[in-house]
Number of protein chains: 2
Amino acid sequence: MTVSGSRTEGIRAAALDLFTRLGYGATTMADIGAAVGIRGPSLYKHVASKQDLLVQIMTDTMDNLLALHRVAVDSSSDPTERLRRATEAHVRYHARHRQEAFVGNREIRSLAEPHRTKILTRRAEYEAGFRDLVTEGVAAGCFSVASARLASYAILDLGMGVAAWFRDDGELTEDTVAWQYGEFALSMVGAPPRS
Amino acid sequence: MTVSGSRTEGIRAAALDLFTRLGYGATTMADIGAAVGIRGPSLYKHVASKQDLLVQIMTDTMDNLLALHRVAVDSSSDPTERLRRATEAHVRYHARHRQEAFVGNREIRSLAEPHRTKILTRRAEYEAGFRDLVTEGVAAGCFSVASARLASYAILDLGMGVAAWFRDDGELTEDTVAWQYGEFALSMVGAPPRS
DNA sequence: CCTGTCGGCTAATGAGGGTTAGCCGACTGT
DNA sequence: ACAGTCGGCTAACCCTCATTAGCCGACAGG
């Protein structure tokens, strides 16, 4: 095994960047090749297809997101703290991996079956995770919401928004956004103000 | 003027529907034609181009959104009430015109210049409108936020989310979502709990 | 009737772009 | 030295589309 794994990684990174900026459909294999200094057809020495590049990106993204979610949830048994940490993890992922998250949200349509279904299932799992956190909190008397579904959608949507506008060199740091959105989430589910 | 205006409208509606479901790039003129019962090339008897269809949709959407925003803002002079109404208008538009909002958010990339710039300018105006509402509220002592920018982004992102998941036949009605999101917005900017 | 115009159609054009075929230089291991 | 593999390249294939050209039936008005 040579360092060529790094070339494959470079291709994936370039593809991610271009998919983010131009969209999957508008990105050509020639574009991706140019970004790593080779011609379009040469890419096929490293990757199976353009579609495969997208599938890899989306799958990795969902895996990472789910893994981080589980870690965050398992790190506490207090419903309020669990929701805060899950929200922060969600926001941090979307700030730190803006491109993955952005493409992951926007290009589901570009996925061919059966991958689309698989990703949508993973996504539904993730959403259900948040809904459960809210429901548990309500059951434990920590939260008070009109609709657990609505509250969880709202929290998730906040994260997606972050992926759209967050910039590393912007005036808002990842820590600021994560903390603030954690607070937003708790206030939206009617958790009592901070201890 | 014949009833052919209705055909043109039908085409626009079909295009909007298809752009929403498949995306601009993946929608073909033949698809749009089929949706109204004619062949692709026949569309050119009614519309200038595929790109033009998108431009119309995006422009109308931004015009409507800005108009509704102004009405909402002008309907009160109390900062809290202004923000609540603007948020409700935002959410209602995104629930009622899911497709327009969805396409408007997602297909900016598909717009050719100079339309893209024009739409982005309009969009920036709209965002600034919300930021100003938050800033005014803070100045008036009604709100308390860590960052007006962050709070306004959060409110806007909630609306975009609505366009993605709202369904007319879902368990959540437009009224429920609008009211609840208005409350979310106020709680996020630290407005004192309801009167 | 005759003549436009309206609004459809099919066929053709031309560009774009994913993917495959087949060639070749460079480096590796023997 | 030599054989093989790795990873480039160009050319070609082939398909999908937006758009244009040019034809034609229906129908309205004189």
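Nothing here was measured: the structure is a model prediction, and the numbers come from that model. Each chain gets a letter, A, B and so on, in the order the sequences are listed, and its residues count up from 1.
The distance from atom CG of A/Leu43 to atom P of C/dG18 is 10 Å, rounded to the nearest whole Å. Between the C1' atom of D/dT20 and the OH atom of B/Tyr44 lies a distance of 9 Å, rounded to the nearest Å. Spacing between atom CD1 of A/Ile32 and atom P of C/dG18 amounts to 8 Å, rounded to whole angstrom units. Atom CE of A/Met29 and atom P of C/dT19 are 6 Å apart (whole Å). One atom, CD1 of A/Ile11, and another, C1' of D/dG8, lie 12 Å apart when rounded to the nearest Å.
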If you restrict it to nitrogen or oxygen atoms, what contacts under 3.5 Å exist between nucleotides 9-13 of chain D and the protein, and what is each distance?
unit_1, atom_1, unit_2, atom_2, d
D/dC9, OP2, A/Arg39, N, 2.6
D/dC9, OP2, A/Ser42, OG, 2.7
D/dT10, OP2, A/Arg39, NE, 3.4

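Sorted by first then second residue, the salt bridge (Lys or Arg N to Asp or Glu O under 4.0 Å) pairs that include residues 38-62 of chain A, not counting sequence neighbours, number zero.
Ionic pairing of A/Asp168 and A/Arg96 is not present here: no N-O contact between side-chain nitrogen and carboxylate oxygen is shorter than 4.0 angstrom. The pair A/Arg84-A/Glu81 counts as a salt bridge, with a side-chain nitrogen and a carboxylate oxygen less than 4.0 angstrom apart. Classification of A/Arg116 and A/Glu113 as a salt-bridged pair holds, one side-chain N sitting under 4.0 Å from a carboxylate O.
The side chain to side chain contact (heavy atoms under 4.5 Å, CB included) test with B/Val103 singles out one residue from B/Leu54, B/Leu18, B/Ile108, and that residue is B/Leu54.
A donor-acceptor pair is defined here as one N or O able to donate and one able to accept, closer than 3.5 Å; such a pair exists between the side chain of B/Gln51 and the backbone of B/Ser110. Between the A/Arg123 side chain and the A/Asn105 main chain, no donor and acceptor come within less than 3.5 Å of each other.
Side-chain atoms of B/Thr61 and B/Asn64 form no donor-acceptor pair, as typed in the model, at a separation below 3.5 Å.
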Please determine whether side-chain contact (heavy atoms from CB on, under 4.5 Å) holds for the pair A/Ser76 and A/Arg85, giving the CA-CA distance in whole Å, both sets of side-chain angles, and the decisive distance to 0.1 Å.
CA-CA 9 Å; A/Ser76 173; A/Arg85 292 186 191 177; 3.8 Å; yes

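Direction of the helix axis in the helix from C/dC1-D/dG30 to C/dT30-D/dA1 shifts by 0° between the two five-pair termini, rounded to 10°.
Not a single ring pair (Phe, Tyr, Trp, His ring centres under 6.0 Å) links B/Phe166 to another residue, sequence neighbours left out.
Within residues 14-25 of chain A, no residue has any heavy atom under 4.0 Å from DNA chain C.
Side-chain N/O atoms of B/Arg7 include none lying less than 4.0 angstrom from OP1 or OP2 on C/dC6. Between D/dC6 and A/His46, no contact under 4.0 Å exists linking OP1 or OP2 to a side-chain N or O.
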Contacts under 3.5 angstrom, residues 129-142 of chain A side chains, donor-acceptor by atom type, not counting sequence neighbours:
unit_1, atom_1, unit_2, atom_2, d
A/Thr135, OG1, A/Arg131, O, 2.8
A/Glu136, OE1, A/Arg82, NH2, 3.3

